[in-house]
Amino acid sequence: MKPSLPQGTRDFSHEVVYKRQYILQTIRQIFERYGFQPLETPAMENIDTLMGKYGEEGDKLIFKILNNGLDNPNKEQKTREALEEVFQGKWSKQLTERALRYDLTIPFARFVAMNHGSLVFPFKRYQIQPVWRADRPQRGRYREFYQCDCDVVGSSSLINEVELIHIYDQAFTSLQIPVSIQINNRKILAGLAEICGGQEQLTDITIAIDKLDKIGLEKVKEELTQRGLDQAQIEVIEQYLNIKGSNNEQLTQIEQLLSESKQAMLGVTELRYLLDFAKDSVKSVQLDFTLARGLNYYTGTIFEIKASTVKMGSIGGGGRYDDLTGLFGVKDVPGVGISFGIDRIYDVMEELNLFEGKLSQGTEVLFFNLGSYEIQGAYPVIQKLRQAGIRTELYHEPVKFDKQFKFAEKKGIPYIAIIGSEEITDNKITIKHLPSGWQEQMDSTNIDHIVQALHTQREDK
RNA sequence: GAGAGCAUAGCUCAGUUGGUUAGAGCGUCGGAUUGUGGUUCCGAAGGUCGUGGGUUCGAGACCCAUUGUUCUCCCCA
């Protein structure tokens, strides 16, 4: 058979894995520095846990796992009936009881709901795992991709938002990606909706204005009309969208425009607190009232990260949610969280050439294989180098030097080592640096000296 | 869910209005070269032209279907 991958999935070669690990390790370290602890949840969840949490579209994009034993003749009648239900648009547990996780937030909420009795609140967890979506793959979109989340639950304090802003800032500073951290508050959007026809318009309004930078003001107004808003309401929204200036200027303007809404004013107060707190330490925080974010469970602060110098969708996002675990019967567990879009961060860094010199490398030294007697002499040296932390490989069979050199060249191994019969008698080792041509015979018992030679910077020829 | 493009050697791609035996570069393998590679030179292997039908004296090329893949919209990370 011809081997192939399922649509929208990828193999990662060693170069890519090194780079991805570099990103993940950088972020993980920062999470831990702020007191977040890791959590892992299963790839699959009970289907009830996931269904209905991501909207109608989301349900369609969940990968469902077929039950085993459907071919059992004793259950044939039931199975056929269940299949009929599928044509009615319903998924029966008779056919599927499990599904692949669609994001990390709902499984986390499930975990908190199950364990809230034994957790210490506020509970701070980070989670880095793949998720699966039956979406149609396209540029920057896959059916299997990683999410990298950190959330605090059990605290309404805005200091959590402050911490998350600093995590974002440190992560992207550390990765050397220039970004703007865009920030808004759902209460302001809710206030806008309140003034323009009521809460039930909130979703319609947010979906439309979120598209501002993509489709422009005129198209947004068209969409608002289509969604049933009248002229006066659209006018207010237009004023809202036209707010510009520094963070402080924008806050002043929004206060005037939405002064009627208590909710909006609360949002302004929260934003002012955050911006004030961050204004000296984090330069890249940018107020953006058009930021809406799709997920409906957000209730307060919302974040989104955009790379400033690369054209790419958002590379991170998050926000506050007041009642996530309510879905699982546990009330009053407010939370706030952020997420890093690893796959897109990778693309941005690749484009900006930010990986150079930062990666854990492959093999540092290749021992030539000159025959079984010579290998036995060389092997103790190989093991000592490995104990000393040198990434060391031995060529797998005694073939002519030409081949062994070319192997080292192709794998990008900088040093080769030769221990032949002469060297064995004299306790010597010949080390050669391929890029420069530097070569020296040294004492094979003096491991420190060898390690030192391997760590010396050398100019290429 | 809606729409568009692409599919020829391991990879990147040529292939004329339909015309003999389908090509190139890179890579792979062997040799020049049995303890010092990279360059160079010589040689070789490698193809159901995605699959199935159709039109034609003749199809890699045209038509239909199908599968895969890429991209756009919707939505999202």
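A note on names: the letters A, B, ... follow the listed sequences, proteins ahead of strands, and every chain is numbered from 1.
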Does a distance-only test, which skips hydrogens and angles, find a donor-acceptor pair under 3.5 Å between the side chain of R133(A) and the base of C76(B)?
no

Judged by each residue's nearest nucleotide on RNA chain B, which is more toward the 5′ side, Q147(A) or G8(A)?
G8(A)

Which pairs count as side-chain hydrogen bond (donor to acceptor under 3.5 Å, both in side chains) when at least one residue sits in residues 441-454 of chain A, sequence neighbours excluded?
T430(A)-Q441(A), D443(A)-T445(A)

Closer than 4.0 Å, any side-chain N/O of K400(A) to the OP1 or OP2 of G31(B)?
yes

Less than 4.0 angstrom between a side-chain N/O of K406(A) and OP1 or OP2 of U36(B), yes or no?
no

With stacking defined as ring centroids separated by under 5.5 Å and planes differing by under 30°, is F145(A) stacked against A77(B)?
yes

Between U48(B) and U8(B), how far apart are the two P atoms, rounded to whole Å?
12 Å

Could you tell me how far G15(B) sits from A24(B) if I compare only their P atoms? Round to whole Å.
15 Å

Applying a 4.0 Å non-hydrogen cut-off, can you work out what F368(A) is touching in the nucleic acid: base, sugar-phosphate, or nothing?
nothing

Distance between P atoms of G43(B) and C26(B) (Å, rounded)
14 Å

Going by an N to O cut-off under 4.0 Å, is there a salt bridge joining R320(A) and E270(A)?
no

Just say parallel, tilted or perpendicular for the rings of Y321(A) and Y298(A), cut-offs at 30° and 60°.
tilted

No-H, no-angle donor-acceptor pair, E423(A) side chain to G35(B) base, under 3.5 Å:
yes

Determine whether a donor-acceptor pair (one donor, one acceptor, N or O, separation below 3.5 Å) exists between the side chain of Q7(A) and the base of U69(B).
no

Give a yes/no on whether any side-chain N or O of Q138(A) is located under 4.0 angstrom from OP1 or OP2 of U72(B).
yes

Any side-chain N or O of K403(A) under 4.0 Å from OP1/OP2 of U36(B)?
no

